[in-house]
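Everything quoted here is computed from the prediction, not taken from an experiment.
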Amino acid sequence: MEIEIREMGETKGSFILKNSSPAIANALRRTMLTDIPKMAIDKVEFHLGPIMADDKEYESVTPLFDEIVAHRLGMVPVPTDHELFTFQENCVCGGEGCPSCTIMYSINRMGPCTVLSGDMMPLGNSSLAVKDQFIPLVELTGGQAVLIYATAVMGTARKHAKWQAAFGVGYKYLPKVSIDEKKASEPHVVKCASICPKGVFEVKNGKLKVKEMLSCNMCRECEDVSGGAVSIGADDTNFFFRYETDGSLTAKQVLDKALELLSKQSEEAFSRLGEDL
(Lines give C-alpha, C1' and ligand atoms only; values in the text may rest on other atoms or scores of the structure.)
Protein backbone atom coordinates (compact mmCIF):
# COMPACT_ATOMS: atom_id res chain seq x y z
CA MET A 1 0.00 0.00 0.00
CA GLU A 2 1.30 3.43 -0.98
CA ILE A 3 -0.04 6.97 -0.67
CA GLU A 4 0.55 9.75 -3.18
CA ILE A 5 -0.37 13.19 -1.83
CA ARG A 6 -2.24 15.34 -4.35
CA GLU A 7 -3.23 18.23 -2.07
CA MET A 8 -2.52 18.88 1.59
CA GLY A 9 -3.79 22.22 2.85
CA GLU A 10 -4.68 23.38 6.35
CA THR A 11 -8.21 21.93 6.33
CA LYS A 12 -8.47 20.19 2.95
CA GLY A 13 -6.61 17.24 1.50
CA SER A 14 -6.61 14.72 -1.32
CA PHE A 15 -4.43 11.70 -2.04
CA ILE A 16 -4.22 8.51 -4.08
CA LEU A 17 -4.21 5.19 -2.23
CA LYS A 18 -2.18 2.85 -4.45
CA ASN A 19 -1.83 -0.94 -4.63
CA SER A 20 -4.64 -1.52 -2.15
CA SER A 21 -8.15 -3.01 -2.09
CA PRO A 22 -11.73 -1.77 -1.60
CA ALA A 23 -11.70 -3.26 1.92
CA ILE A 24 -8.63 -1.26 2.97
CA ALA A 25 -9.95 1.90 1.29
CA ASN A 26 -13.23 1.63 3.19
CA ALA A 27 -11.44 0.87 6.46
CA LEU A 28 -9.30 4.00 6.03
CA ARG A 29 -12.38 6.09 5.27
CA ARG A 30 -14.25 4.81 8.34
CA THR A 31 -11.21 5.39 10.54
CA MET A 32 -10.90 8.99 9.36
CA LEU A 33 -14.59 9.60 10.05
CA THR A 34 -15.05 7.93 13.42
CA ASP A 35 -11.78 7.08 15.18
CA ILE A 36 -9.64 10.25 15.13
CA PRO A 37 -9.41 11.60 18.72
CA LYS A 38 -10.01 15.33 19.16
CA MET A 39 -10.93 17.85 21.83
CA ALA A 40 -14.48 19.22 22.09
CA ILE A 41 -16.57 21.02 24.70
CA ASP A 42 -18.30 18.41 26.85
CA LYS A 43 -19.32 20.32 29.99
CA VAL A 44 -20.77 23.83 30.21
CA GLU A 45 -21.52 25.83 33.37
CA PHE A 46 -23.73 28.95 33.20
CA HIS A 47 -23.50 31.66 35.86
CA LEU A 48 -26.89 32.26 37.46
CA GLY A 49 -27.97 35.59 38.89
CA PRO A 50 -27.05 39.20 38.08
CA ILE A 51 -23.68 40.13 36.55
CA MET A 52 -22.03 43.42 37.48
CA ALA A 53 -19.81 45.32 35.04
CA ASP A 54 -18.85 49.00 34.88
CA ASP A 55 -21.20 49.78 37.80
CA LYS A 56 -24.10 48.38 35.80
CA GLU A 57 -26.17 45.31 36.54
CA TYR A 58 -26.85 42.85 33.73
CA GLU A 59 -29.31 39.98 33.67
CA SER A 60 -27.71 36.58 33.21
CA VAL A 61 -29.97 35.41 30.39
CA THR A 62 -29.99 34.90 26.61
CA PRO A 63 -32.78 34.54 24.02
CA LEU A 64 -31.88 30.85 23.69
CA PHE A 65 -32.22 27.95 26.10
CA ASP A 66 -28.96 27.11 27.87
CA GLU A 67 -29.05 23.65 26.24
CA ILE A 68 -28.94 25.21 22.76
CA VAL A 69 -26.00 27.46 23.65
CA ALA A 70 -24.19 24.45 25.16
CA HIS A 71 -24.80 22.42 22.01
CA ARG A 72 -23.38 25.23 19.86
CA LEU A 73 -20.31 25.41 22.08
CA GLY A 74 -19.86 21.67 21.69
CA MET A 75 -19.69 22.00 17.91
CA VAL A 76 -16.98 24.72 17.95
CA PRO A 77 -13.67 23.23 16.68
CA VAL A 78 -11.23 23.15 19.58
CA PRO A 79 -7.44 22.98 18.89
CA THR A 80 -6.14 19.46 19.49
CA ASP A 81 -2.60 18.33 20.23
CA HIS A 82 -2.25 14.57 20.62
CA GLU A 83 1.12 15.01 22.34
CA LEU A 84 -0.34 17.27 25.04
CA PHE A 85 -3.74 15.69 25.70
CA THR A 86 -5.11 12.23 26.33
CA PHE A 87 -8.48 10.65 27.11
CA GLN A 88 -9.74 11.34 30.63
CA GLU A 89 -10.10 7.63 31.35
CA ASN A 90 -6.39 7.13 30.51
CA CYS A 91 -5.12 10.20 32.33
CA VAL A 92 -3.01 10.06 35.50
CA CYS A 93 -5.62 12.24 37.23
CA GLY A 94 -8.10 9.39 37.01
CA GLY A 95 -10.61 11.45 35.08
CA GLU A 96 -10.85 14.26 37.64
CA GLY A 97 -9.67 16.80 35.06
CA CYS A 98 -6.18 18.25 34.68
CA PRO A 99 -4.08 20.10 32.05
CA SER A 100 -3.27 16.75 30.42
CA CYS A 101 -6.87 15.82 29.63
CA THR A 102 -8.97 19.02 29.76
CA ILE A 103 -9.05 22.57 28.42
CA MET A 104 -11.05 25.23 30.26
CA TYR A 105 -12.64 28.18 28.44
CA SER A 106 -14.53 31.16 29.78
CA ILE A 107 -16.96 33.56 28.06
CA ASN A 108 -17.80 36.89 29.68
CA ARG A 109 -19.82 39.23 27.43
CA MET A 110 -22.36 41.97 27.96
CA GLY A 111 -25.04 43.00 25.47
CA PRO A 112 -25.93 44.33 23.09
CA CYS A 113 -23.58 42.14 21.03
CA THR A 114 -23.19 38.85 19.20
CA VAL A 115 -21.24 36.30 21.24
CA LEU A 116 -18.72 34.63 18.93
CA SER A 117 -16.45 31.61 19.22
CA GLY A 118 -13.54 34.07 19.51
CA ASP A 119 -14.97 35.12 22.88
CA MET A 120 -13.98 31.71 24.26
CA MET A 121 -10.91 32.56 26.33
CA PRO A 122 -8.66 29.59 27.24
CA LEU A 123 -7.67 29.54 30.89
CA GLY A 124 -3.89 29.21 31.13
CA ASN A 125 -2.50 28.51 27.67
CA SER A 126 -3.38 31.25 25.15
CA SER A 127 -2.21 29.04 22.25
CA LEU A 128 -5.36 26.94 22.78
CA ALA A 129 -7.65 29.73 21.55
CA VAL A 130 -10.05 28.47 18.86
CA LYS A 131 -8.85 29.17 15.32
CA ASP A 132 -12.24 30.00 13.84
CA GLN A 133 -13.03 33.22 15.70
CA PHE A 134 -16.28 34.17 13.98
CA ILE A 135 -18.76 31.35 14.69
CA PRO A 136 -21.90 33.04 16.13
CA LEU A 137 -23.12 31.48 19.36
CA VAL A 138 -25.91 33.72 20.66
CA GLU A 139 -27.23 37.28 20.29
CA LEU A 140 -27.46 39.44 23.42
CA THR A 141 -29.72 42.48 23.72
CA GLY A 142 -29.15 45.45 26.01
CA GLY A 143 -29.11 44.46 29.66
CA GLN A 144 -28.32 40.80 28.92
CA ALA A 145 -24.98 39.11 29.69
CA VAL A 146 -23.37 35.68 29.84
CA LEU A 147 -20.69 34.25 32.07
CA ILE A 148 -19.88 30.72 30.96
CA TYR A 149 -17.22 28.17 31.84
CA ALA A 150 -16.77 25.36 29.31
CA THR A 151 -14.60 22.27 29.59
CA ALA A 152 -13.18 20.46 26.55
CA VAL A 153 -12.11 16.80 26.70
CA MET A 154 -10.82 14.20 24.24
CA GLY A 155 -13.24 11.90 22.42
CA THR A 156 -14.08 10.27 19.10
CA ALA A 157 -17.03 10.49 16.71
CA ARG A 158 -18.11 6.99 17.72
CA LYS A 159 -19.57 8.65 20.82
CA HIS A 160 -20.78 12.01 19.40
CA ALA A 161 -20.48 14.03 16.19
CA LYS A 162 -18.83 16.94 18.06
CA TRP A 163 -15.69 14.79 18.24
CA GLN A 164 -15.63 14.22 14.46
CA ALA A 165 -12.43 15.72 13.03
CA ALA A 166 -12.81 14.83 9.31
CA PHE A 167 -15.80 15.51 7.08
CA GLY A 168 -16.81 14.71 3.53
CA VAL A 169 -14.38 11.80 3.40
CA GLY A 170 -14.99 10.15 0.06
CA TYR A 171 -13.10 8.07 -2.45
CA LYS A 172 -13.54 6.65 -5.92
CA TYR A 173 -11.82 4.07 -8.03
CA LEU A 174 -9.04 5.60 -10.06
CA PRO A 175 -10.46 5.94 -13.58
CA LYS A 176 -8.75 4.24 -16.53
CA VAL A 177 -9.11 6.07 -19.84
CA SER A 178 -7.70 4.55 -23.02
CA ILE A 179 -7.76 5.81 -26.61
CA ASP A 180 -7.36 3.75 -29.77
CA GLU A 181 -4.32 5.43 -31.33
CA LYS A 182 -5.36 4.33 -34.80
CA LYS A 183 -8.59 6.32 -34.52
CA ALA A 184 -7.36 9.20 -32.30
CA SER A 185 -7.27 11.71 -35.18
CA GLU A 186 -10.73 10.95 -36.59
CA PRO A 187 -13.15 13.94 -36.29
CA HIS A 188 -15.76 12.13 -34.18
CA VAL A 189 -13.03 11.01 -31.76
CA VAL A 190 -11.38 14.45 -31.54
CA LYS A 191 -14.83 15.82 -30.69
CA CYS A 192 -14.58 14.13 -27.27
CA ALA A 193 -12.31 16.96 -26.09
CA SER A 194 -15.12 19.49 -26.47
CA ILE A 195 -18.03 17.38 -25.21
CA CYS A 196 -16.31 16.06 -22.04
CA PRO A 197 -17.84 18.00 -19.10
CA LYS A 198 -14.77 17.46 -16.91
CA GLY A 199 -12.02 18.46 -19.34
CA VAL A 200 -10.39 15.03 -19.32
CA PHE A 201 -9.16 15.30 -22.91
CA GLU A 202 -7.16 17.68 -25.07
CA VAL A 203 -6.15 17.73 -28.73
CA LYS A 204 -2.45 17.66 -29.62
CA ASN A 205 -1.15 17.51 -33.18
CA GLY A 206 -4.66 16.70 -34.35
CA LYS A 207 -5.00 13.70 -32.04
CA LEU A 208 -7.10 13.16 -28.93
CA LYS A 209 -5.00 12.83 -25.77
CA VAL A 210 -5.76 12.32 -22.09
CA LYS A 211 -5.11 15.55 -20.19
CA GLU A 212 -6.40 14.91 -16.64
CA MET A 213 -7.51 11.34 -15.99
CA LEU A 214 -8.43 11.99 -12.34
CA SER A 215 -11.15 14.43 -13.41
CA CYS A 216 -13.11 11.67 -15.16
CA ASN A 217 -16.44 10.92 -13.47
CA MET A 218 -17.16 7.96 -15.76
CA CYS A 219 -20.19 9.47 -17.47
CA ARG A 220 -19.09 7.51 -20.61
CA GLU A 221 -20.32 10.19 -23.02
CA CYS A 222 -16.98 9.94 -24.80
CA GLU A 223 -17.52 6.22 -25.44
CA ASP A 224 -20.79 6.94 -27.25
CA VAL A 225 -19.43 9.88 -29.28
CA SER A 226 -16.20 8.12 -30.27
CA GLY A 227 -17.95 4.92 -31.32
CA GLY A 228 -15.80 2.85 -28.99
CA ALA A 229 -12.45 4.46 -29.83
CA VAL A 230 -12.36 5.75 -26.25
CA SER A 231 -12.96 3.33 -23.41
CA ILE A 232 -13.53 4.07 -19.74
CA GLY A 233 -12.82 1.70 -16.89
CA ALA A 234 -12.09 1.66 -13.18
CA ASP A 235 -9.01 0.48 -11.31
CA ASP A 236 -10.08 -1.33 -8.14
CA THR A 237 -6.55 -1.31 -6.71
CA ASN A 238 -6.06 2.47 -6.71
CA PHE A 239 -8.37 5.01 -5.04
CA PHE A 240 -8.66 8.78 -5.10
CA PHE A 241 -9.55 10.28 -1.69
CA ARG A 242 -10.83 13.76 -0.84
CA TYR A 243 -11.65 15.10 2.63
CA GLU A 244 -11.85 18.18 4.85
CA THR A 245 -11.35 18.86 8.56
CA ASP A 246 -13.18 21.15 10.98
CA GLY A 247 -9.94 22.97 11.85
CA SER A 248 -9.25 21.28 15.18
CA LEU A 249 -6.64 19.19 13.36
CA THR A 250 -4.87 19.82 10.07
CA ALA A 251 -5.54 17.63 7.05
CA LYS A 252 -2.08 16.07 7.43
CA GLN A 253 -2.62 15.30 11.12
CA VAL A 254 -5.92 13.56 10.34
CA LEU A 255 -4.34 11.37 7.65
CA ASP A 256 -1.28 10.55 9.75
CA LYS A 257 -3.40 9.61 12.77
CA ALA A 258 -5.79 7.51 10.67
CA LEU A 259 -2.89 5.52 9.19
CA GLU A 260 -1.39 5.08 12.65
CA LEU A 261 -4.68 3.78 14.08
CA LEU A 262 -5.35 1.51 11.11
CA SER A 263 -1.85 0.03 11.34
CA LYS A 264 -2.27 -0.56 15.08
CA GLN A 265 -5.68 -2.20 14.61
CA SER A 266 -4.26 -4.47 11.90
CA GLU A 267 -1.38 -5.55 14.11
CA GLU A 268 -3.76 -6.33 16.97
CA ALA A 269 -6.02 -8.35 14.65
CA PHE A 270 -3.12 -10.43 13.28
CA SER A 271 -1.81 -10.93 16.83
CA ARG A 272 -5.17 -12.34 17.95
CA LEU A 273 -5.34 -14.59 14.91
CA GLY A 274 -1.89 -15.92 15.80
CA GLU A 275 -3.01 -16.66 19.35
CA ASP A 276 -6.09 -18.53 18.10
CA LEU A 277 -3.98 -20.63 15.72
Side-chain angles (χ1 to χ4, degrees), residues 1-40 42 75 77-95 100-103 152-176 213-214 216-218 233-277:
M1 185 178 78
E2 301 174 22
I3 287 183
E4 176 188 323
I5 302 298
R6 299 285 296 186
E7 176 189 2
M8 198 55 69
E10 187 70 16
T11 61
K12 186 183 295 186
S14 64
F15 61 91
I16 299 175
L17 179 66
K18 296 182 174 180
N19 304 321
S20 188
S21 67
I24 296 298
N26 190 47
L28 178 57
R29 175 182 174 275
R30 291 170 64 89
T31 300
M32 294 173 71
L33 284 172
T34 63
D35 293 338
I36 307 297
K38 59 159 282 189
M39 303 294 286
D42 189 53
M75 301 306 292
V78 174
T80 301
D81 189 332
H82 291 136
E83 295 184 358
L84 289 179
F85 300 103
T86 185
F87 293 96
Q88 279 194 311
E89 56 267 29
N90 300 332
C91 188
V92 293
C93 71
S100 295
C101 63
T102 61
I103 307 174
V153 299
M154 189 83 80
T156 68
R158 287 182 180 271
K159 185 174 181 181
H160 194 280
K162 65 185 177 185
W163 282 299
Q164 185 173 339
F167 298 86
V169 183
Y171 66 87
K172 67 176 182 179
Y173 292 141
L174 212 62
K176 295 191 295 185
M213 191 177 299
L214 272 179
C216 180
N217 64 355
M218 302 183 189
D235 184 351
D236 62 359
T237 63
N238 296 289
F239 309 85
F240 180 60
F241 275 77
R242 276 188 180 146
Y243 66 101
E244 297 182 14
T245 78
D246 66 348
S248 55
L249 292 165
T250 66
K252 183 178 185 302
Q253 287 173 324
V254 166
L255 179 58
D256 288 346
K257 193 65 177 179
L259 293 172
E260 176 189 330
L261 292 171
L262 194 58
S263 176
K264 183 179 179 180
Q265 292 168 1
S266 299
E267 290 175 0
E268 291 176 352
F270 281 116
S271 176
R272 291 174 182 173
L273 283 173
E275 291 176 359
D276 293 339
L277 294 176

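The two residues Ser20 and Ala25 have their closest heavy-atom pair at OG-N, 4.4 Å. Of all heavy-atom pairs spanning Phe87 and Thr156, the tightest one is CZ-CG2, 4.0 Å. Here the closest heavy-atom approach between residue Val78 and residue Ala152 is recorded as CG1-CB, 4.2 Å. The two residues Lys38 and Pro77 make their nearest non-hydrogen contact at NZ-CA, 4.3 Å. Of all heavy-atom pairs between Leu214 and Pro175, the closest is CA-CG, 4.3 Å. Shortest non-hydrogen contact noted between Ala165 and Ile36 is CB-CG2, 4.1 Å.
Between the Asn238 side chain and the Asn19 main chain, a donor and an acceptor come within less than 3.5 Å of each other. The closest donor-acceptor contact from the side chain of Trp163 to the backbone of Val153 lies under 3.5 Å.
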- Test Asn26 against Tyr171 for side-chain contact (heavy atoms from CB on, under 4.5 Å), laying out the working first. CA-CA 9 Å; Asn26 190 47; Tyr171 66 87; 3.6 Å; yes
*Report the C-alpha distance between Gln164 and Asp246 in whole Å, list the side-chain angles of each, state the deciding distance to 0.1 Å, and finish with yes or no for side-chain contact (heavy atoms from CB on, under 4.5 Å).*
CA-CA 8 Å; Gln164 185 173 339; Asp246 66 348; over 6 Å; no
**Study point:** Leu259 and Ile3: CA distance, side-chain angles, deciding distance, side-chain contact (heavy atoms from CB on, under 4.5 Å) verdict
**Key:** CA-CA 10 Å; Leu259 293 172; Ile3 287 183; 3.6 Å; yes
| task | Using the side-chain contact (heavy atoms from CB on, under 4.5 Å) rule, take Lys172 and Phe239 through it: C-alpha gap first, then chi angles, then the decisive distance, then the call. | result | CA-CA 5 Å; Lys172 67 176 182 179; Phe239 309 85; over 6 Å; no
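Side-chain atoms of Glu267 and Ser263, non-hydrogen and from C-beta on, do get closer than 4.5 Å to each other. Contact check for Cys101 versus Phe85: no side-chain heavy atoms found under the 4.5 Å cut-off. A heavy-atom distance below 4.5 Å is not found between the side chains of Val254 and Val169. Looking only at side-chain heavy atoms (C-beta outward), Phe15 and Ile5 come within less than 4.5 Å of each other. The closest side-chain heavy-atom distance from Thr245 to Thr250 is not below 4.5 Å. Between Phe240 and Leu17, every side-chain heavy-atom pair lies at or beyond the 4.5 Å cut-off. Side-chain contact check for Met154 versus Thr102: every heavy-atom pair is 4.5 Å or farther apart. At least one side-chain heavy atom of Leu174 sits less than 4.5 Å from a side-chain heavy atom of Ile16.
The aromatic ring centres of Phe167 and Tyr243 sit 6.0 Å or more apart.
Here CE of Met32 is found 5.5 Å from CG of Leu255. Values are rounded to the nearest 0.5 Å. With values rounded to the nearest 0.5 angstrom, Asp235 atom CG is found 10.0 Å from Tyr173 atom OH. The line from CG of Asp256 to CG of Leu261 is 11.0 Å long, rounded to the nearest 0.5 Å.
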Which side-chain N or O atoms in residues 7-14 pair as donor and acceptor under 3.5 Å with protein atoms at least two apart or in another chain?
residue	atom	partner	partner atom	Å
Ser14	OG	Glu7	N	3.3

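One finds no salt bridge joining Arg30 and Asp35 here, because no Lys/Arg side-chain nitrogen approaches an Asp/Glu carboxylate oxygen to under 4.0 Å. Ion pair Glu260/Lys257 flagged as a salt bridge, since at least one NZ, NE, NH1 or NH2 atom sits closer than 4.0 Å to an Asp/Glu carboxylate oxygen.
For residues 78-89, no residue pair satisfies the side chain to side chain donor-acceptor pair (under 3.5 Å) rule, not counting sequence neighbours.
Looking at residues two or more places apart in sequence or on another chain, you find a side-chain contact (heavy atoms from CB on, under 4.5 Å) between Ala27 and Leu262.
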